Amino acid sequence: MSAAAVHSLWTTAATAAPIAKIDAPKIEYGQLSPSLIVVGAALVGVLIEAFVPRRSRYYAQMLLSAVALAAAFAAVVALAADGYGTTKAHIAAMGAIAVDGPSLFLQGTILLVGLIALFTFGERRLDPEAHGNRVDSFAAQAAAVPGSESEQAAVKAGFTTTEVFPLLLFAVAGMLIFPSANDLLTLFVALEVFSLPLYLLCALARRKRLMSQEAAVKYFLLGAFASAFTLFGIALLYGYAGSVSYATISQVVDGTVTSVDPALADTMGNDALLLIGTAMLVMGLLFKVGAVPFHMWTPDVYQGAPTPVTGFMAAATKVAAFGALLRLLYVVLPGLRWDWRPVMWGVAIITMLGGAIVAITQTDIKRLLAYSSIAHAGFILAGVIATSKDGVSSVLFYLAAYSFVTLGAFAVVTLVRDAGGEATHLSKWAGLGRRSPLVAAVFAVFLLAFAGIPLTSGFAGKFAVFKAAAEGGAVPLVVIGVISSAIAAFFYIRVIVLMFFSEPRPEGPTVAVPSPLTTTAIAMGVVVTLVLGVAPQYFLNLASQAGVFVR
Amino acid sequence: MENLIALLIAAPLLGAAVLLVGGRRLDAVGHWIGTLLAAASFVIAVVLFAGLLGRSGDDRTLIQHLFTWVPVESFQADVTFRLDQLSMTFVLLITGVGSLIHLYSVGYMEHDERRRRFFGYLNLFLAAMLLLVLADNYLLLYVGWEGVGLASYLLIGFWQHKPSAATAAKKAFLVNRVGDMGLSIAIMLMFTTFGTFAFGPVFGHVTDASQGKLTAIALMLLLAACGKSAQVPLQSWLGDAMEGPTPVSALIHAATMVTAGVYLVVRSGAIFNAAPDAQLVVTVVGAVTLLFGAIVGCAKDDIKKALAGSTMSQIGYMVLAAGLGPIGYVYAIMHLVTHGFFKAGLFLGAGSVMHGMNDEVDMRKFGGLRKYMPITYWTFGLGYLAIIGFPGLSGFFSKDKIIESAFAKGGTEGWILGAVTLIGAAVTAYYMTRVMLMTFFGEERWKHRATAGESVDGHAAPAEHAAHAEPHPHESPKTMTIPMIVLAFGSVFAGALFTWGSSFLHWLEPVTGHQEGDSPLSTWTITSATFVLMLIGVGAAYAQYGRRPVPAVAPRGSLVTRAARRDLLQDDFNHVVLVRGGEHLTRSLVYVDHTLVDGVVNGTAASVGGLSGRLRRLQNGYARSYAVSMFGGAALLVAATLLMRAV
């Protein structure tokens, strides 16, 4: 290459026309308002940490977060009512964000989940008061070394980590953007925006701090590892299509692309890039939903994290990540479905079976629920694979149903306590039904919903997903799904049997009387579980209306 | 007028609900509520009947659509009622005889402390039976079918404190279950064959179905009919069902419910007409049962069981006639109605006798009762003359028509069936004369029975002494005798009324169709032969029971007699073949279940558990091994995706 040619790469002849004015990007603030409200509130939350006196911070943060989440939810409802979920669905923010049915449905779900999770975050009556100060589930001072004098001093001073509230809001903001991202870079940024606060939150448990910190480090390391794969996959896809925009990539896949960037003409359309890039990108998302074999972090992190965080993470992360996966597979890669479907079949099968089988021998309730969430990820994958409109709507419904059950179940776990904090070992739950029939009954409802027993939301969701999968030609997958459900039913029912048909232990745990916050969270879980179970049709229709992606 | 149809069912249903839910506070008036609502239903039936008579023959079908019951894609079941001449006939019989028997029960059950509940069950029965005959599709009919089964179960076991009654109820229920399976399978077959089970569409599309399917449906319907109508081989429950209170035996196990099988066959005539093989089986079942029941009736000393054998035999006549197709449908139903009158009358008479004789049922301990209960004697006597086919009375007309139709079937079959029905007529005359003579004539064997009883068993317990006390036969109260008198009128005149100008034939023909049979023998020959055989039967019975004293303790009897006393070994047969066989089957199934199935299940559970334990070890807590697993997984994912493209 001649020097002049090289030079011309970064200079331009003076005779050429001057660079045209760069237009300011056009941003539809109204349509992005849910995410913007939450991000704004999170930033205000940071300011509160800086300027509001320590004593008032808890109340200020609670109020701010609750108002922000509620307002964002109201914005989602208003957008949906305005027809942005159906007729007015389009791509906003210069092609970065899709405002359509699935986006709004998932955003609404995430915001409600966030709101309920906020209630469990703010619960301050479960632990006995320490030095006259009410305490929540979070460490007094995150930076203090566990067991050190500074930690004791922090406890004595009545410190609380009110930073969890802005962290929660940042995570929610990332999750809101994640399923609606319409280009790969936005997707990646959203992924990091919601992952980083979660890593931090995991480390903040008040009790069993070492375990909590270990969980956080593991989550962070493995999450970073997975992010690297994701990013590499994005790079390969860019190499393939010459663009990170979903629309362009899908056009290249379909072979209907109009303009080709000459600089990328060599690699463009190279199927090896496409396939490897797809596999790596999908792997990153499968890590987030906890599918086998990318699930190993799940039990350790679920067990170590503060239980309110676990509940939030288990519910909201799954919703956001499946939303992103759906959009990727349905909008970007439908032309490639003959390649990814068989692979996803395999992933779904080992995820369903693996989660259900390993859960059988678990002895810790949080780990049990973690494996259960893995099995559920497999069931949802079965719906994803359907590649039909019913597949989308059934997955949307399942995610909504599942997230409320999960939140409720983990909220109940926070109630059962002994001297060491939450009594998560299963043997301690023996005979709980005799001692606290109401709590045990509520937990039994959640377990039955997990198991997919009729008249609970779990049944309606599972039925919808399996039906969509079967109609999509995945009958063997459904058969395996049903077998896994049977295996899974074993350990759910085992807990019920343990609670109701075993003698209570003399030194067994007590059930703490929660404040209205946790009570509300659990009640919401029960109500949604039963309503979606008894009369699912309205919500199925809603999910069905919301089941069309915009391209 | 259609709107009245639902009221027919609603009235007794309301009664059942009020009486069964109302509790003790209704004890004092419950029986009158029940009777009133039954009568109300009868009044509605009469109004509807008058309405139907006012229309022309082809325009007598009323349809009332109440609501859609099961709307599932092509599986559509409506609650729709069909009132045509066939169901109208049944409705009148059910509500008419039903109301009379309600009235009778007021007296009969006077001393029973659970009388209110009894009337509740009776009303429930009426509602279910009316639903059965008014349904416009087989699924709704099935509801009524099960409903009468339930009512029958509850009423047979009404005196549940008696183990025999409880057992009999269970037996009736279980045997009926076999028949019910037949009906449900028939409905399923109809649905798969025709895509519907409503009467109109099914009968309209019979020609579209293959012969094999039609025969299968017809045979399943026949199985159902056998269960409900106590036809061989599902006959064993009827005799035991006599454990129920006598009004129940009269209403359910003589006049109405047991004839539901005949209704089913006649109603499904379109199907049977197209399946001649099944029709032949129907006639065979009818012929066998008519002899079977008659023979059993000859040997029984228990008055109700003798009448039960007779019921079985008479329904055999009806089933046989129904199996003859359009030649016989009308006569089957005609005999059903006349039989409803005289058999209900006979049972009520038997109940009246028992009422006066301390609930004794053994005819060997009766005798000479005509002096003490004249009304019972006369009404029973008229029923007796009617059933044996004495010229001019109901049975004469209806039974002769069946015998004629049997001959008219033609060919060897016609001769065999005709002969069987003739022999049946003779045997009927024999056993009914026997009942009549042993009960109302001869020596008064119930006198001094207390001592006689002791001398036989030698150790009559003092507690039983009261029951063994010498009875004081007396006529029953008016609530009991009035229904008997009314039914006696029916026994005498119904047959003539129906035959006069072929009125019944013209009434029913639009629904069932009719075809005049071509009998090889003239009507006159058959009538004479029947009359002569009847006289022979009466004579034989008179020779045996009229001229000689009846022994108070049954003689040992011949082999046949002993077999007949044991219901021709039906229970022994069922025990050896079904019960023993069933026990062996269950035992071997349990063995298979324990060893094989449980083995597989436990083995699976153990291996899943073992797998779980092993997989769990992969979760070792080290982030490095997790990362390796992720890396391996990612590599697999990439490799698999590439492989899919390569394939």
Side-chain angles (χ1 to χ4, degrees), chain A residues 214 217-222 224-226 228-229 232-233 236 271-272 274-280 282-284 286-287 291-300 336 338-347 350 353-363 367 370-371 483 486-487 490-491, chain B residues 67-77 192 195 589 592-647:
Chain A
E214 182 192 330
V217 171
K218 275 183 193 166
Y219 192 16
F220 172 66
L221 284 176
L222 297 173
F225 193 49
F229 276 97
F232 196 22
L236 292 175
D271 278 357
L274 170 67
L275 295 174
I276 299 173
T278 303
M280 290 185 147
V282 166
M283 178 247 158
L286 290 177
F287 172 82
V292 178
F294 314 109
H295 68 290
M296 309 282 269
W297 60 277
T298 320
D300 290 12
L336 203 60
W338 302 115
D339 296 288
W340 61 257
R341 265 182 69 152
V343 181
M344 294 298 270
W345 265 58
V347 174
I350 57 172
L353 285 176
I357 289 176
V358 183
I360 288 178
T361 41
Q362 297 305 314
T363 51
R367 284 185 86 84
Y371 280 105
I483 292 174
I487 298 174
F490 168 77
F491 57 78
Chain B
F67 56 90
T68 303
W69 175 28
V70 189
V72 181
E73 294 209 346
S74 65
F75 190 98
Q76 295 286 343
T192 54
L589 283 179
V592 170
D593 184 52
H594 275 291
T595 51
L596 207 67
V597 177
D598 283 8
V600 169
V601 169
N602 294 339
T604 312
S607 47
V608 169
L611 190 61
S612 174
R614 219 159 293 160
L615 286 178
R616 200 183 157 192
R617 262 177 252 155
L618 292 177
Q619 191 79 24
N620 56 13
Y622 292 118
R624 55 175 186 261
S625 24
Y626 294 179
V628 167
S629 123
M630 280 168 62
F631 186 80
L636 265 178
L637 212 58
V638 169
T641 314
L642 289 173
L643 196 68
M644 281 308 139
R645 176 54 66 92
V647 171

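Note that the structure is a prediction, hence the values are computed from the model and not measured. These values consider heavy atoms only, across backbone and side chains, with no hydrogens, waters or symmetry-generated copies.
Put simply, of A/Asp339, A/Leu353, A/Leu336, the one with the most heavy-atom pairs under 4.5 Å next to chain B is A/Asp339. Of the listed residues (A/Val282, A/Val217, A/Leu222), the greatest number of heavy-atom pairs within a distance under 4.5 Å of chain B belongs to A/Leu222. Contact tally against chain B (heavy-atom pairs below 4.5 Å) for A/Ile360, A/Val343, A/Val292, A/Leu286: the top residue is A/Val343.
Around the CZ atom of B/Phe75, the shell of radius 6.0 Å holds more than 12 heavy atoms that belong to other residues, nucleotides or ligands. No more than 12 heavy atoms of other residues, nucleotides or ligands lie within 6.0 Å of CZ in A/Phe220, so this atom counts as exposed by the packing criterion.
Considering only heavy atoms from C-beta on, B/Leu637 comes within 4.5 Å of A/Val347 through its side chain.
For the atom pair A/Ile357 CD1 and B/Arg616 CZ, the distance stands at 14.5 Å (nearest 0.5 Å). Here A/Asp271 contributes atom CG and B/Arg645 contributes atom CZ; the two are 4.5 Å apart, rounded to the nearest 0.5 Å. Atom CG of A/Leu275 is separated from atom CG of B/Leu643 by 11.0 Å, given to the nearest 0.5 angstrom. The CE atom of A/Met296 sits 10.5 Å away from atom CE of B/Met630, with the distance rounded to the nearest 0.5 Å.
Residue A/Phe490 does not touch chain B at all, counting heavy-atom pairs closer than 4.5 Å. With a 4.5 angstrom heavy-atom cutoff, A/Phe229 touches chain B only via side-chain atoms. Residue contact with chain B, scored on non-hydrogen atoms closer than 4.5 Å, involves the side chain of A/Ile487 exclusively. The parts of A/Ala226 that come within reach of chain B are both its backbone and its side chain, each placing non-hydrogen atoms under 4.5 angstrom from that chain.
A/Lys218 places a side-chain N or O within donor-acceptor distance of the main-chain N or O of B/Gly621, the cut-off being under 3.5 Å. With B/Ser629 contributing its side chain and A/Pro293 its backbone, the two residues share a donor-acceptor pair below 3.5 Å. Remark: the backbone N or O of A/Ala279 is not paired with any side-chain donor or acceptor of B/Thr641 at under 3.5 angstrom.
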Practice task
Give the C-alpha distance, both sets of side-chain angles, the deciding distance and a yes or no for side-chain contact (heavy atoms from CB on, under 4.5 Å) between A/Tyr371 and B/Gln619.
Solution key: CA-CA 12 Å; A/Tyr371 280 105; B/Gln619 191 79 24; 3.4 Å; yes

Practice task
Show your working on side-chain contact (heavy atoms from CB on, under 4.5 Å) between B/Tyr626 and A/Leu221 and close with a plain yes or no.
Solution key: CA-CA 10 Å; B/Tyr626 294 179; A/Leu221 284 176; over 6 Å; no

